Protein chains: 2
Amino acid sequence: MRTKVFIVDDHYMVVEGIRSLLQNEKSIEWIGHAMNANSCLAFLKQQLPDVILMDISMPDKSGIDLCKEVKEKYPSVFIIGLSTFNQQSFIQKMMDNGASGYLLKNATQEELMEGIEMIMKGKVYLSDEAAQSLRKNNQGEVPVLTRREKEVLELIAEGMTNNEIAEKIFVSASTVDTHRKNLLAKLEAKNTAELVKLAFFHKLISLDN
Amino acid sequence: MRTKVFIVDDHYMVVEGIRSLLQNEKSIEWIGHAMNANSCLAFLKQQLPDVILMDISMPDKSGIDLCKEVKEKYPSVFIIGLSTFNQQSFIQKMMDNGASGYLLKNATQEELMEGIEMIMKGKVYLSDEAAQSLRKNNQGEVPVLTRREKEVLELIAEGMTNNEIAEKIFVSASTVDTHRKNLLAKLEAKNTAELVKLAFFHKLISLDN
DNA sequence: TTAAATATCCCTTTTTTACAGGATAGCATC
DNA sequence: GATGCTATCCTGTAAAAAAGGGATATTTAA
């Protein structure tokens with residue numbers, strides 16, 4: 001039985017690269033690729049691969065979310081995260097959402113094959129750099145925020161004061177102040193400036209919205 | 001005469017992808033690839049390509065710097081920037097440093113060939129998305145900060161107060177306050193929170209330091 | 001060399017945050 | 001039905017930042 005491999009990546013060159021790396025491997029069957037999350041989900045309704053190589057950044061949905069969704073619907077599929085970044089938080093989130101491994105796009109053919117084989121045995125595979133990154137940044141626990149806290153955090157980063165936020169979300173300024181207090185405590189920030197910086201660090205807010 | 005193409009990219013899968021896309025093109029001669037800036041420069045001493053496809057992010061040196069260096073030494077070589085990001089500042093900088101075009105890594109084989117052909121005619125080629133990005137983000141003027149202002153901005157983002165910053169950089173709190181005032185004005189921020197957010201937006205500060 | 005930009009310092013007033021201490025109500029889970 | 005989490009609201013004080021004004025050397029560039 002050959003291992004059925006499917007790729008989700010919006011970068012044509014990367015898809016071609018993986019295809020090229022796998023085409024001479026007799027143990028691998030390339031069953032197709034998708035350029036975005038939706039066409040991936042559509043494909044999986046027709047045919048299930050053994051392994052999905054999944055980019056973390058895609059136009060319609062992040063690989064992190066897609067990973068979760070696929071794992072919920074098809075728990076038997078093994079997922080390997082693919083990324084150019086060696087970014088601890090991404091790796092962590094992919095693993096949290098059920099990924100079995102993580103490969104950087106500068107991986108060699110040997111690493112790619114090693115990763116697929118390991119994962120088919122039910123083990124975890126992390127490319128060297130990714131594993132190092134995980135070990136190093138161990139204290140980087142992402143704080144868990146409530147919906148309201150996230151909302152307030154975003155408005156703070158927009159430059160709004162407590163009073164302005166209070167008006168906007170129809171609560172008293174005291175409530176906003178409490179959320180702010182909790183945000184400072186949860187992110188361990190000394191003040192608003194560090195709060196916003198740490199929010200970026202933990203990817204709790206982003207530039208596009 | 002076939003067009004001699006050389007690739008500089010530290011992502012193995014991307015190199016393989018481009019090789020795969022170009023291998024059946026009779027007008028193209030693949031003369032090699034480099035995984036970092038230094039081996040690229042070493043290769044160019046031996047043999048000169050017509051076109052270099054160059055990644056913007058590499059381990060030892062950014063493509064933006066490498067582009068400049070190559071163009072200074074070998075002005076006749078055409079350079080096409082390659083990136084996964086659709087980031088206006090990168091595109092602009094590559095063009096400023098002598099690149100003839102810019103391609104995103106999700107370009108198709110047709111776009112890749114079109115780009116190479118256009119550039120060999122001495123024209124400029126921007127992939128659709130890249131060109132759009134250049135047009136769209138036109139009003140995104142990055143404010144010019146002085147050395148001192150940058151220094152203060154970073155310390156603000158670290159969560160330090162005016163007094164703490166004053167002690168750290170050996171000036172009075174009034175001075176720090178003035179710098180802060182100027183930062184708010186230059187970045188057009190309403191308060192510290194928005195200041196830090198906009199600092200990220202304009203890439204005036206980053207997470208790693 | 002003159003003008004412009006930079007870096008430094010000071011004052012006042014108002015607004016906003018930070019921190020400390022609460023309280024209450026709803027909701028889910030166990 | 002107790003426990004824990006979330007969201008809401010309150011009082012009060014102290015610290016910090018925002019906004020307004022202005023001043024003076026030094027460096028840079030035209």
Side-chain angles (χ1 to χ4, degrees), chain A residues 68 72 92-93 96-97 141-205 209, chain B residues 96 140-205 209:
Chain A
K68 190 177 182 183
E72 277 166 5
Q92 192 65 63
K93 282 179 187 162
D96 289 347
N97 283 351
E141 288 161 28
V142 180
V144 179
L145 303 187
T146 67
R147 244 170 297 154
R148 212 48 161 171
E149 283 165 351
K150 275 182 207 162
E151 199 179 351
V152 171
L153 178 56
E154 276 170 26
L155 297 176
I156 288 173
E158 291 297 318
M160 293 172 76
T161 67
N162 286 343
N163 284 322
E164 288 167 345
I165 295 171
E167 270 191 43
K168 169 124 189 174
I169 65 174
F170 307 109
V171 296
S172 86
S174 313
T175 306
V176 179
D177 191 56
T178 304
H179 289 313
R180 199 180 201 118
K181 250 189 284 190
N182 293 334
L183 284 166
L184 288 172
K186 282 190 180 178
L187 300 221
E188 298 178 69
K190 286 195 283 289
N191 54 31
T192 305
E194 201 184 14
L195 178 69
V196 174
K197 194 198 73 164
L198 291 173
F200 274 102
F201 179 69
H202 293 304
K203 301 195 186 306
L204 297 168
I205 56 177
N209 55 41
Chain B
D96 290 347
E141 287 161 30
V142 180
V144 179
L145 302 187
T146 66
R147 246 169 294 154
R148 211 51 160 170
E149 283 165 351
K150 275 181 207 162
E151 199 179 352
V152 171
L153 178 56
E154 276 170 26
L155 297 175
I156 288 173
E158 291 296 319
M160 293 173 75
T161 67
N162 285 343
N163 285 322
E164 287 168 345
I165 296 171
E167 270 191 44
K168 168 125 187 171
I169 65 175
F170 307 108
V171 296
S172 85
S174 314
T175 306
V176 179
D177 193 56
T178 304
H179 288 313
R180 201 180 199 118
K181 252 187 281 190
N182 293 335
L183 284 166
L184 288 173
K186 282 190 179 179
L187 299 220
E188 298 178 69
K190 285 196 282 289
N191 53 31
T192 304
E194 200 183 15
L195 177 68
V196 174
K197 193 199 73 164
L198 291 173
F200 274 102
F201 180 70
H202 292 303
K203 300 192 187 307
L204 297 168
I205 55 178
N209 56 40

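Quantities reported herein were computed from a predicted structural model and do not represent experimental measurements. Numbers restart at 1 for each chain; the letters A, B, ... are given by sequence-line order, proteins then strands. Values below: all heavy atoms of this structure, side chains included; hydrogens, waters and symmetry mates excluded.
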Visitor: Who pairs with A:E188 by side chain to side chain donor-acceptor pair (under 3.5 Å), at least two apart in sequence or on another chain?
Guide: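 Testing A:E188 for side chain to side chain donor-acceptor pair (under 3.5 Å), a comparison that skips the adjacent residues, returns none.
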Visitor: OP1 or OP2 of D:dT8 less than 4.0 angstrom from a side-chain nitrogen or oxygen of A:S172, does that happen here?
Guide: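 For D:dT8, neither OP1 nor OP2 has a side-chain N or O of A:S172 closer than 4.0 Å.
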Visitor: What is the distance, to the nearest angstrom, from the NZ atom on B:K190 to the P atom on D:dA18?
Guide: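 After rounding, the reported distance stands at 12 Å.
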Visitor: Using whole Å, what does the distance between atom C1' of nucleotide D:dA19 and atom CG of B:L184 come to?
Guide: 10 Å
Visitor: Which pairs, protein N/O on one side and nucleotides 21-23 of chain D N/O on the other, fall under 3.5 Å?
Guide:
unit_1: D:dG21; atom_1: O6; unit_2: B:K181; atom_2: NZ; d: 2.9

Visitor: Give the residues of residues 162-170 of chain B touching DNA chain C, defined as any heavy atom closer than 4.0 Å, sorted by residue number.
Guide: none
Visitor: Round to the nearest Å and state the distance from A:L145 atom CG to D:dC5 atom P.
Guide: 15 Å
Visitor: Quick one: closest heavy-atom pair of B:A189 and B:L198, and the distance?
Guide: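 Taking every non-hydrogen atom into account, CB-CD1, 4.0 Å.
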Visitor: Could you measure the distance from the CG atom of B:L195 to the OG1 atom of A:T192? Nearest 0.5 Å is fine.
Guide: 11.5 Å
Visitor: Restricting to side-chain contact (heavy atoms from CB on, under 4.5 Å), what partner residues turn up for A:T178, sequence neighbours left out?
Guide: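 Checked A:T178 against side-chain contact (heavy atoms from CB on, under 4.5 Å); matches are A:N182.
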Visitor: First locate atom CD of A:E154, then atom CG of A:L204, and finally report the distance between them rounded to the nearest 0.5 Å.
Guide: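 Here the rounded value is 9.5 Å.
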Visitor: Residues in side-chain contact (heavy atoms from CB on, under 4.5 Å) with A:S174, at least two apart?
Guide: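 By the side-chain contact (heavy atoms from CB on, under 4.5 Å) rule, A:S174 matches A:S172.
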Visitor: Do other residues, nucleotides or ligands put more than 12 heavy atoms under 6.0 Å from A:K186 NZ?
Guide: yes
Visitor: What's the shortest heavy-atom distance between A:A199 and A:L153, and which atoms?
Guide: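 So the minimum-distance heavy-atom pair works out to CB-CD2, 3.9 Å.
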Visitor: Could you tell me whether B:T175 contacts a base, only the sugar-phosphate backbone, or nothing, with contacts defined as non-hydrogen atoms closer than 4.0 Å?
Guide: base
Visitor: For A:K190, check salt bridge (charged side-chain N to carboxylate O under 4.0 Å, His left out) against everything at least two apart and list the hits.
Guide: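 For A:K190 the salt bridge (charged side-chain N to carboxylate O under 4.0 Å, His left out) partners, ignoring immediate neighbours, are A:E194.
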Visitor: Atom CG of A:N191 to atom C1' of D:dA15: distance rounded to whole Å?
Guide: 11 Å
Visitor: Can you give me the bend angle of the helix from C:dT1-D:dA30 to C:dC30-D:dG1? Use the axis through the first five pairs and the one through the last five, nearest 10 degrees.
Guide: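 Helix axis angle between the two ends: 70°.
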Visitor: Contact class for B:S174 vs. all strands (heavy atom < 4.0 Å): base, sugar-phosphate, or nothing?
Guide: base
Visitor: Rounded to whole Å, how long is the line connecting atom CG of B:L155 with atom C1' of D:dA16?
Guide: 17 Å
Visitor: Taking only side-chain N and O atoms of B:T192, does any of them lie within less than 4.0 angstrom of OP1 or OP2 on D:dA18?
Guide: yes
Visitor: I need the CD1-P distance between B:I156 and D:dA16, as an integer number of Å.
Guide: 14 Å
Visitor: List the atom pairs, with distances to 0.1 Å, where a side-chain N or O of residues 161-170 of chain A and a protein N or O form a donor-acceptor pair under 3.5 Å, not counting sequence neighbours.
Guide:
unit_1: A:T161; atom_1: OG1; unit_2: A:E164; atom_2: N; d: 3.3
unit_1: A:N162; atom_1: OD1; unit_2: A:R180; atom_2: NH1; d: 2.4
unit_1: A:E164; atom_1: OE1; unit_2: A:T161; atom_2: N; d: 2.9

Visitor: Would you tell me if any nitrogen or oxygen in the side chain of A:H179 comes within less than 4.0 Å of OP1 or OP2 on D:dT6?
Guide: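 No, no such contact exists.
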Visitor: Side chains of A:V171 and A:R148: does their closest heavy-atom pair fall under 4.5 Å?
Guide: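 Yes; the side chains approach each other to less than 4.5 Å.
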Visitor: Could I get the full list of side chain to side chain donor-acceptor pair (under 3.5 Å) partners for B:T146, not counting sequence neighbours?
Guide: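 Testing B:T146 for side chain to side chain donor-acceptor pair (under 3.5 Å), a comparison that skips the adjacent residues, returns B:E149.
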Visitor: Rounding to an integer number of Å, can you tell me how far B:M160 CE sits from D:dA15 P?
Guide: 18 Å
Visitor: If you round to the nearest 0.5 Å, how far is CG of B:N191 from CD of A:E158?
Guide: 10.5 Å
Visitor: Reading DNA chain C from 5' to 3', where do the contacts with chain A start and stop? Cut-off is 4.0 Å to heavy atoms.
Guide: C:dT16 to C:dG21
Visitor: Does B:R147 or B:D177 map to a spot on DNA chain D nearer the 5' end, using the closest nucleotide for each?
Guide: B:D177
